[in-house]
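Take a look at the structure set out below.
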Amino acid sequence: MNTLLSGLPILLLIWVMTKRNAMPSHIALPVTALLIALIQLFLFQADLSLLGANIMAGILSVSTPISIVAGAILLNRMLFFSGAETVLSQWLKGVSTNKVAQLMIIGWAFAFMIEGASGFGTPAAIAAPILVGLGFPIIPVAIFVLVMNSVSVSFGAVGTPIWFGLSLSDVQFIEISQLTALLNSIAALVIPFIALRFLLGWQEIRQNAGFILLSVLCCTIPYVLLAQWNYEFPALIGGAVGLVLSVVLAKKGVGLHSQIDMSLPDKPVKTWEVVKVFLPFVLLITILIVTRVPQWGVKYLLNTMSPLWTWRFGETEFEVSRALVFSLKSILGTEVSWQYKSLYVPAMIPFLIVSLLCIPLFAMSRTRVVSAFRDTGRRLFLPMLSLMGALVLVNLMMQGGNDAPMLLLAQAFAGLLGDSWGYAAALLGALGSFFSGSATVSNLTFGGIQLSIAEQVGLPVTLVLALQSAGAAMGNMVCINNIIAVSTILGVANQEGFIIKRTIVPMLAYALVAALFSVVSLAFL
């Protein structure tokens, strides 16, 4: 009975957001969170203080995703009002007028590289407005970038979902890295073709299939090779290599169907203009790498918890560290806490810094700068409500220890499948990303459960955790937080349910690849 009650709010959420007259997420998510709170309070007999603490922590936790979204929007608006997006569009047309080439260069290879450096949904947030600037329709672009931002996610933000999301030994990390990269690369032979279908017809896709496949392999081959001994840089290096090679192949027309486009610029874009346009992205990636490679020491400095100020409010403690990490500990006297790493979360560093550097770089007038900031603020209110609802929902679903609604659902799935768990392991990872908006959080949440299930039913632990990792990546396609973020940046309102109904199809195709991979792998492991 408790398991049924645990799943009821989620089924309701999916229904109200995908029915014909869908409820917007800024209403649906807070309402669902309220329903879960009532179930916790009256049916699970939850402690009132713990319930309140989790609600407070969920509301405060919105600071992380909303600040990242704000930073991504601000950079986008700076590039838009400075005219840099127009220059980028003209340059890309100069590389190739072929739509498939443009989509693969920006939506696949460029986003692949950005994911490797940053994660947090930033690849889709950056790629989407560039593609819209090239003339592609807004909502199909949102769906396209969400679907494409999956294969690289397992190794996003310098491998954070693996080394931080899974608490294992280095040897196991490498084994999981190898299996995850191989699984994701097999899925990559399918997913880009499905994603392109949201923007193009099958005939155009078939005519350019050679280039699509080559662009995919240009990213995934170095990705798989690097994953044999490293779990931090496969996506970053794979994406960088793939981007350069994809541009070279597109310029030479390799694998592309000839196409004439009357929208070519009258004059070629000057090299210096192209360099200026790409400089913010180069700075963005460089800063992210510098701040995320542990061996360089900057990461430690931005995360240090050495206290600077501490205040107590009853049993609750508010602390600010020397790295400006804001923390609330023992909220309402419980073990629940909240933390915001203001210098490490990719909002001020690098988004705000790079956005401000755009002002002198593009000689922006005061009017244009004000317009960029004003436009950014205008887009944030409703997404903030949606994200608050989503994060409170996640916290309440995880409340209750071994009887938490989320864990009850996971255990029910395991009980139904037994030693056939490999068929569905990836779906549990996707469920975690759907709720939390993060492959890292999905791995943190379900990694232990997946490990326990694997040991109970006699499946290889590294295989099951690789399926979890890949599942968390494919869950990015239907992740509510990412959908809200991309929609916000593109100025799309109340289309979250429509987008989920489209992105769930390629996600299920990904899940099928994962299930088949588990069958084949078991024959060799």
Side-chain angles (χ1 to χ4, degrees), residues 1-13 28-66 164-165 167 305 307 310-321 325-341 384-413 428 431-438 440-452 480-481:
M1 183 64 178
N2 284 353
T3 303
L4 181 62
L5 290 172
S6 299
L8 183 62
I10 306 309
L11 293 174
L12 179 64
L13 174 66
L29 285 165
V31 167
T32 305
L34 176 61
L35 177 59
I36 294 172
L38 293 174
I39 290 173
Q40 282 276 20
L41 184 61
F42 293 108
L43 298 176
F44 285 80
Q45 304 298 312
D47 179 78
L48 192 59
S49 295
L50 186 59
L51 193 69
N54 275 313
I55 291 172
M56 285 180 61
I59 292 172
L60 289 170
S61 294
V62 80
S63 57
T64 296
I66 203 66
F164 183 73
S167 300
M305 297 301 297
T310 302
W311 292 272
R312 284 190 175 275
F313 307 91
E315 296 183 32
T316 303
E317 181 180 283
F318 177 70
E319 183 178 279
V320 180
S321 81
V325 177
F326 299 94
S327 306
L328 265 185
K329 302 175 182 178
S330 302
I331 300 176
L332 301 182
T334 69
E335 294 182 356
V336 178
S337 61
W338 162 80
Q339 190 177 88
Y340 179 72
K341 299 180 178 181
M384 185 166 64
L385 294 180
S386 300
L387 290 169
M388 281 183 180
L391 292 167
V392 170
L393 181 154
V394 171
N395 279 9
L396 296 182
M397 285 292 289
M398 291 303 301
Q399 179 177 323
N402 292 332
D403 294 323
M406 186 82 80
L407 300 189
L408 289 176
L409 289 175
Q411 291 166 0
F413 294 147
L428 183 58
L431 182 67
S433 293
F434 171 76
F435 285 127
S436 67
S438 165
T440 301
V441 174
S442 178
N443 287 349
L444 283 168
T445 303
F446 291 127
I449 299 171
Q450 297 270 26
L451 176 64
S452 177
I480 295 174
N481 290 10

Straight-line distance of Gln40 CD to Ile55 CD1, nearest 0.5 Å
9.5 Å
Minimal heavy-atom distance between Leu385 and Pro30, with the atoms involved, is O-CG, 3.9 Å
Solution key, residues 44-51 side-chain donor-acceptor pairs under 3.5 Å, sequence neighbours excluded:
from	atom 1	to	atom 2	distance (Å)
Gln45	NE2	Phe42	O	2.9
Asp47	OD2	Ser49	N	3.1
Asp47	OD2	Leu50	N	2.9

Where is the tightest heavy-atom contact between Leu396 and Pro405, given as atom of each residue plus distance?
O-CD, 4.1 Å
Is there a donor-acceptor pair under 3.5 Å between the side chain of Glu315 and the backbone N or O of Ile331?
no
Ser61 (side chain) donor-acceptor with Ala57 (main chain) under 3.5 angstrom:
yes
Between Thr32 and Leu13, the two heavy atoms sitting closest are OG1-CD1, 3.4 Å
Using the side chain to side chain donor-acceptor pair (under 3.5 Å) criterion, which residues pair with Gln339? Sequence neighbours excluded.
none
Between Glu319 and Pro307, is any pair of side-chain heavy atoms under 4.5 Å apart?
yes
With rounding to the nearest 0.5 Å, note down the distance linking OG in Ser327 to CE in Met305.
3.5 Å
Side chains of Leu328 and Glu317: closer than 4.5 Å at any heavy-atom pair?
no
Closest approach of Val336 and Asn54, non-hydrogen atoms and distance?
CG2-OD1, 3.6 Å
As a quick check of understanding, evaluate side chain to side chain contact (heavy atoms under 4.5 Å, CB included) for Tyr340 and Val325, giving each step before the final call.
CA-CA 6 Å; Tyr340 179 72; Val325 177; over 6 Å; no
Closest non-hydrogen contact found for Val392 with Ala33 is CG1-CB, 3.9 Å
Report yes if the side chains of Lys329 and Thr316 come closer than 4.5 Å at any heavy-atom pair, otherwise no.
no
Output for pair (Leu41 CG, Ile36 CD1), nearest 0.5 Å, gives 13.5 Å
Nearest 0.5 angstrom please: Ile39 CD1 to Leu35 CG, how far?
4.0 Å
Interatomic distance, CG@Leu391 vs CD1@Ile66, rounded to 0.5 Å, equals 10.0 Å
Can a donor-acceptor pair be found, under 3.5 Å and without considering hydrogens, that links the side chain of Trp338 to the backbone of Leu60?
yes
d(Ser63 OG, Met384 CE) to nearest 0.5 Å is 11.0 Å
What closest approach, in Å, do Gly52 and Leu332 show between heavy atoms, and which atom pair accounts for it?
C-CD1, 3.7 Å
